[in-house]
Amino acid sequence: MSSEPVNVNDFKELARLKLPKMYYDFYAGGAEDEHTLRENIQAFCRIMIQPRVLVDVSQIDMSTTILGHRISAPILVAPTAAHKLAFHEGEQATARAAAAAKTIMILSYSSTCSIEEVASSCNAVRFFQLYIFKRRDISALLVQRAERFGYKAIVLTADTPRLGRREADIKNKMIAPPVKNLEGLISIDVNSDQGSKLETYANEMLDASLRWEDISWLRSITSLPILIKGILTHEDATKAVEAGVDGIIVSNHGARQLDFAPATISVLEEVVHAVKGKIPVLLDGGVRRGTDVFKALALGAQAVLIGRPVLFGLAAKGEGGVRTVLEMLKNELEISMALSGCPCIKDITRSHVRTPYDKLPSML
């Protein structure tokens with residue numbers, strides 16, 4: 001590219017030019033035919049914003065609160081794996097960028113920097129993403145380490161009883177990068193003569209028997225709030241509330257698990273209605289513009305998570321790239337709020353958007 005990026009989509013091409021093909025495909029790819037990967041983004045395009053005019057928007061306040069923690073804008077850093085494949089400082093650089101943006105980073109269990117290294121990188125609010133292993137003592141130890149080093153919530157990923165079929169990784173024979181948090185706890189060597197070694201590793205280690213009843217086990221080993229990530233239906237949202245979790249993240253795992261699962265923005269409102277305001281709902285997947293953030297908030301999300309744009313920013317320009325990605329989205333959200341007549345986050349309402357479903361009554 002001949003010029004500096006002007007939006008977060010520009011960072012994708014910069015990252016593609018910088019990264020080895022195997023690593024770029026690992027970050028960018030989705031499951032099977034990648035229908036859901038495309039739909040995560042395209043579904044936002046079918047939602048229109050209905051702006052209000054003649055509202056005093058001389059001052060815009062984007063700040064909000066997540067589980068009691070004040071952040072500068074409703075944009076969090078999603079848990080994503082292996083940041084050192086993008087930049088040598090890995091998750092520590094990402095953590096510093098999130099802290100500079102005054103927002104929350106959710107650290108992936110499969111990070112290439114340890115829980116302790118990221119905690120020492122800067123002073124900020126962080127959550128920890130957890131998978132449940134066949135050896136529950138490993139998961140319990142990770143939770144205890146996160147709690148001891150100041151992480152403020154546990155984000156349980158619930159949509160991975162097995163790893164989705166990511167065909168780019170299979171073609172590239174993607175090797176699982178070292179998971180720093182598991183050093184000394186469990187063997188990370190796997191034997192696979194064909195396909196993705198990452199898939200083999202995940203299927204050998206992760207507990208496919210995980211059930212709703214296991215939420216109580218997780219609750220018994222930590223005093224931290226628990227959010228469940230991977231909810232896509234009214235039924236599961238209702239079960240999550242009944243299980244006593246403290247928040248829901250509407251997510252299809254960045255379209256990396258089940259292809260033809262729905263785009264997250266298309267089912268957000270269904271989940272919000274099921275929850276009935278009892279716990280916060282966040283959205284993960286497909287956010288590339290400030291207008292996307294605005295649309296998610298209008299449909300009931302308390303905040304959104306950003307995954308691939310952060311990785312692409314990190315690959316292209318290190319810590320500064322992540323800072324720029326977050327600032328770009330914040331700036332675009334501020335403009336969207338001003339042009340829609342919303343001086344603060346609470347002013348963004350359902351009446352500010354029109355979805356394809358809103359047209360149905362008028363057609364009957």
Side-chain angles (χ1 to χ4, degrees), residues 15 18-19 23 26-27 66-67 69 71 76-133 135 137-157 175-189 198 201-202 205-206 221-227 229 305-326:
K18 276 206 168 187
L19 290 172
Y23 296 165
F26 171 65
Y27 287 145
I66 303 296
L67 296 181
H69 303 289
I71 55 177
L76 283 67
V77 175
T80 49
H83 289 205
K84 281 190 177 181
L85 299 184
F87 183 67
H88 69 278
E89 293 183 354
E91 289 81 4
Q92 289 179 296
T94 305
R96 291 193 296 267
K102 298 180 180 178
T103 193
I104 295 168
M105 174 186 178
I106 304 174
L107 180 68
S108 169
Y109 99 90
S110 54
S111 59
T112 42
C113 296
S114 69
I115 290 169
E116 294 80 4
E117 288 171 338
V118 175
S120 66
S121 65
C122 57
N123 184 24
V125 174
R126 276 178 291 273
F127 297 169
F128 180 70
Q129 177 223 25
L130 180 72
Y131 283 67
I132 302 299
F133 294 91
R135 282 185 54 187
D137 60 313
I138 299 296
S139 295
L141 184 57
L142 292 176
V143 169
Q144 292 161 11
R145 286 167 58 189
E147 191 164 0
R148 185 164 67 250
F149 282 87
Y151 292 73
K152 301 301 183 183
I154 299 297
V155 176
L156 175 64
T157 293
I175 300 170
V179 178
K180 193 69 179 289
N181 288 316
L182 299 181
E183 284 185 353
L185 300 178
I186 194 169
S187 172
I188 57 174
D189 293 327
L198 183 65
Y201 161 78
M205 302 301 177
L206 300 182
I221 64 169
T222 183
S223 61
L224 293 177
I226 297 170
L227 296 91
K229 178 175 178 283
L305 277 59
I306 307 299
R308 286 185 179 89
V310 166
L311 290 168
F312 295 147
L314 185 67
K317 293 178 177 290
E319 178 182 336
V322 179
R323 288 193 187 198
T324 300
V325 163
L326 294 172

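One-based numbering along the sequence shown. Computed from a prediction, not measured in an experiment: that's the story for all the values here.
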Q | Neighbour count >12 (heavy atoms, 6.0 Å) for atom NZ, Lys84 | A | yes
Q. Is the number of heavy atoms from other residues, nucleotides or ligands within 6.0 Å of CG (Asn123) greater than 12?
A. no
Q: Not counting sequence neighbours, which residues clear side-chain contact (heavy atoms from CB on, under 4.5 Å) with Ser108? List them please.
A: Pro79, Ala81, Ser110, Gln129
Q | Exercise: identify the closest heavy-atom pair between Pro309 and Val325 | A | O-CG2, 3.5 Å
Q.
Tell me whether Gln92 contacts the main-chain N or O of Glu117 through its side chain, where contact means a donor paired with an acceptor under 3.5 Å.
A. yes
Q) Roughly how far apart are Phe128 CZ and Met105 CE, rounded to 0.5 Å? A) 11.0 Å
Q.
Check whether Arg126 reaches the backbone of Gly150 with its side chain - one donor and one acceptor, N or O, closer than 3.5 Å.
A. no
Q: List for me each residue that meets side-chain contact (heavy atoms from CB on, under 4.5 Å) alongside Phe133, sequence neighbours excluded, and say none if there are none.
A: Tyr109, Ile138, Ser139, Leu142, Leu182, Tyr201, Met205, Leu206
Q) Which atoms form the tightest heavy-atom contact between Ala93 and Leu314, and what is the distance? A) CB-CD1, 4.0 Å
Q: Could you list the residues that satisfy ring-ring contact (aromatic ring centres under 6.0 Å, His included) with Tyr151, not counting sequence neighbours?
A: none
Q: To the nearest 0.5 angstrom, please state how far the OG1 atom of Thr80 sits from the CD1 atom of Ile306.
A: 11.0 Å
Q: Find the distance between CG (Leu130) and CG (Leu107) and round it off to the nearest 0.5 Å.
A: 11.5 Å
**Q.** Tyr131, OH atom: more than 12 neighbouring heavy atoms under 6.0 Å
**A.** yes
Q. CG/Leu326 to OG1/Thr103 distance, rounded to the nearest 0.5 angstrom?
A. 7.0 Å
Q.
Checking His69 against Ile104 for the side-chain contact (heavy atoms from CB on, under 4.5 Å) test, could you report, in this order, the C-alpha distance in whole Å, the side-chain angles of both residues, the deciding distance, and whether it holds?
A. CA-CA 9 Å; His69 303 289; Ile104 295 168; 4.3 Å; yes
Q) With sequence neighbours excluded, what pairs up with Arg323 under the side chain to side chain donor-acceptor pair (under 3.5 Å) test? A) Glu319
**Q.** Check: Asn181 main-chain N/O paired with Arg145 side-chain donor or acceptor under 3.5 Å
**A.** yes
Q | Between CD on residue Glu147 and CD1 on residue Ile154, distance to nearest 0.5 Å | A | 7.5 Å
Q | Contacts of Ala82 that satisfy side-chain contact (heavy atoms from CB on, under 4.5 Å) - sequence neighbours left out | A | Phe26, Leu85, Thr112, Pro177
Q: Using the side-chain contact (heavy atoms from CB on, under 4.5 Å) rule, take Val143 and Leu224 through it: C-alpha gap first, then chi angles, then the decisive distance, then the call.
A: CA-CA 9 Å; Val143 169; Leu224 293 177; 5.6 Å; no
Q.
I need the minimum non-hydrogen distance between Ala95 and Cys122, along with the two atoms involved.
A. O-SG, 3.5 Å
Q.
Quick test of your reading of the model: are Glu91 and Lys180 salt-bridged, counting only N-O distances below 4.0 Å?
A. no
Q) Who are the side-chain contact (heavy atoms from CB on, under 4.5 Å) partners of Ala153, not counting sequence neighbours? A) Leu67, Phe127, Pro225, Leu227
Q.
What's the separation between atom SG in Cys113 and atom NE2 in His83, rounded to the nearest 0.5 Å?
A. 9.0 Å
